[in-house]
Amino acid sequence: MRKLKFYARIYFKILGQDIKSRMSYRSDFIISMIGMLFTNAVELAAFYIMFQNFNSVCGWSYYEMLFLYGFSLVALTPMQCLFENNWNLNGYVKRGDFIKYCFRPLNIFFYYISEIFDIKGLGQLAMGIGTLIFSWHKLQIPVTPLVLIKLILALASASLFFIGMMNFAAASCFYLINTGFLINTVSKFRDYAKYPVTIFNRGFRFLFTFIIPIAFIAYYPSLSVVRPDSASVLTWITPVYGSLFFYASCKFWMHGAGKYTGTGS
């Protein structure tokens with residue numbers, strides 16, 4: 001417990017310094033926030049236009065798809081805000097700058113990840129919550145303590161999957177050369193998370209469930225709320241599977257960092 005309090009205190013100190021440095025460039029922050037909101041608004045508009053021509057997509061109505069979209073936005077926010085520094089890992093390792101993290105009396109994964117908090121991700125969170133509330137109302141999903149607990153647990157589990165995927169992709173730079181493309185590729189897969197996995201054929205369903213588990217970013221966990229009668233065993237094991245997947249990704253990251261010896265120059 002004492003160790004947890006110590007790391008919490010350190011994290012908020014690092015967070016405060018990062019936010020201060022970012023807010024010193026307010027124009028950049030505002031433009032980035034507007035850009036993210038505009039991107040999400042365009043995607044919502046694409047959903048609306050698509051459903052002007054189709055009544056449903058593989059049995060999913062407009063408001064169910066909207067729920068899935070809002071769910072994915074909220075689930076992706078922790079990665080956007082808290083683990084954004086994973087994007088810079090390949091550059092730090094190639095340049096040799098990562099060596100500075102190896103000499104601090106802190107958990108190296110914690111110290112590296114906590115160095116950046118991407119505050120503009122809060123705009124994505126706000127849009128995701130708004131979309132969830134709107135679609136929730138339209139679908140007439142009952143608001144009960146049990147449903148809310150299922151929603152929170154599903155969102156947390158979904159977040160762990162995407163964070164885990166990005167941890168694996170980022171940490172590959174400790175083992176391979178020039179892996180910057182890998183994290184970009186994995187990140188692009190999140191676009192598929194906004195659709196039900198049933199739109200894909202069997203091969204892609206298997207791929208997106210067990211190899212690159214993007215179906216767990218929104219589809220499987222959201223079923224417990226939006227379609228509880230259709231939820232499979234994969235929905236109910238999502239919290240356990242997500243926790244194990246995230247834990248494995250952290251171990252993979254830490255194992256690579258432990259073997260890092262610098263550039264040798």
Side-chain angles (χ1 to χ4, degrees), residues 57-61 63-83 86 109 113 121 124-125 127-129 131-133 135-136 139 141-171 186-253:
V57 174
C58 286
W60 283 68
S61 69
Y63 294 114
E64 286 178 322
M65 291 287 289
L66 210 56
F67 184 94
L68 202 63
Y69 179 80
F71 187 98
S72 69
L73 286 184
V74 177
L76 293 171
T77 297
M79 172 61 212
Q80 176 77 37
C81 291
L82 304 175
F83 291 80
N86 261 332
F109 179 70
I113 291 298
Q124 174 179 288
L125 176 63
M127 180 163 281
I129 292 175
T131 304
L132 266 181
I133 292 173
S135 58
W136 190 302
L139 292 169
I141 300 172
V143 181
T144 66
L146 178 60
V147 173
L148 292 176
I149 289 172
K150 287 196 294 184
L151 176 66
I152 293 170
L153 191 59
L155 285 168
S157 304
S159 295
L160 290 177
F161 272 103
F162 189 59
I163 294 169
M165 288 169 60
M166 296 298 277
N167 282 345
F168 275 120
V186 171
S187 177
K188 290 183 184 299
F189 276 118
R190 67 182 174 182
D191 293 333
Y192 297 106
K194 300 164 186 174
Y195 300 93
V197 75
T198 51
I199 70 172
F200 303 107
N201 62 34
R202 289 185 179 181
F204 278 104
R205 288 183 201 176
F206 181 85
L207 174 69
F208 291 152
T209 299
F210 300 107
I211 309 301
I212 307 172
I214 62 168
F216 286 95
I217 296 175
Y219 176 71
Y220 286 120
S222 69
L223 285 177
S224 64
V225 177
V226 72
R227 285 189 173 188
D229 294 335
S230 302
S232 67
V233 66
L234 292 174
T235 295
W236 306 118
I237 67 169
T238 295
V240 176
Y241 187 16
S243 299
L244 292 175
F245 188 77
F246 173 73
Y247 178 76
S249 73
C250 292
K251 284 293 186 180
F252 180 78
W253 201 103

Q: Run the side-chain donor-acceptor check on residues 155-162: report pairs under 3.5 Å with partners two or more places apart or on a different chain.
A:
| residue | atom | partner | partner atom | Å |
| --- | --- | --- | --- | --- |
| Ser157 | OG | Leu153 | O | 2.7 |
| Ser159 | OG | Ala75 | O | 2.7 |
| Ser159 | OG | Leu155 | O | 3.0 |

Q: Can you run down the salt bridge (charged side-chain N to carboxylate O under 4.0 Å, His left out) pairs that involve residues 147-168, sequence neighbours left out, and say none if there aren't any?
A: none

Q: State, yes or no, whether a side-chain contact exists between Ile212 and Val186 at a heavy-atom distance under 4.5 Å.
A: no

Q: Check Thr238 against Pro221 and note the closest heavy-atom contact, atom names and distance.
A: CG2-CB, 4.1 Å

Q: With under 30° as parallel and over 60° as perpendicular, where do the rings of Phe245 and Tyr241 fit, or are they tilted in between?
A: perpendicular

Q: Return the minimal non-hydrogen interatomic distance between Gly59 and Arg227, and the atom names on each side.
A: O-NH2, 2.6 Å

Q: Ile211: what forms a side chain to side chain contact (heavy atoms under 4.5 Å, CB included) with it, not counting sequence neighbours?
A: Phe206, Leu207

Q: Which residues pass the side chain to side chain donor-acceptor pair (under 3.5 Å) test with Arg205, sequence neighbours left out?
A: none

Q: List the residues meeting ring pair (Phe, Tyr, Trp, His ring centres under 6.0 Å) with Tyr219, not counting sequence neighbours, and say none if there are none.
A: Trp60

Q: Show which side-chain atoms of residues 229-236 pair as donor or acceptor with protein atoms under 3.5 Å away, not counting sequence neighbours.
A:
| residue | atom | partner | partner atom | Å |
| --- | --- | --- | --- | --- |
| Ser232 | OG | Leu234 | N | 3.3 |
| Thr235 | OG1 | Tyr220 | O | 2.9 |

Q: With rounding to the nearest 0.5 Å, note down the distance linking CG in Leu73 to CG in Leu68.
A: 10.5 Å

Q: Just grab all the salt bridge (charged side-chain N to carboxylate O under 4.0 Å, His left out) pairs involving residues 151-165, residues at least two apart or on different chains.
A: none

Q: By side chain to side chain contact (heavy atoms under 4.5 Å, CB included), which residues pair with Leu139, not counting sequence neighbours?
A: Ser61, Tyr63, Glu64, Phe67, Ile141, Val226

Q: Taking only residues two or more places apart in sequence, or in another chain, which ones meet Thr77 in a side chain to side chain donor-acceptor pair (under 3.5 Å)?
A: Gln124

Q: Testing the basics here: between Leu66 and Thr131, what is the closest heavy-atom pair and its distance to 0.1 Å?
A: O-CG2, 3.4 Å

Q: For Ser224, give me all partners under side chain to side chain donor-acceptor pair (under 3.5 Å), at least two apart in sequence or on another chain.
A: none

Q: My understanding is that only residues two or more places apart in sequence, or in another chain, count here; which of them pass side chain to side chain contact (heavy atoms under 4.5 Å, CB included) with Phe83?
A: Met79, Asn86, Phe109, Ile113, Ile163, Asn167, Phe246

Q: Identify all side-chain donor-acceptor contacts of residues 189-200 below 3.5 Å with residues at least two apart in sequence or on another chain.
A:
| residue | atom | partner | partner atom | Å |
| --- | --- | --- | --- | --- |
| Lys194 | NZ | Glu43 | OE1 | 2.9 |
| Lys194 | NZ | Glu43 | OE2 | 3.3 |

Q: Any heavy-atom pair between the side chains of Met165 and Ser249 that's under 4.5 Å?
A: no

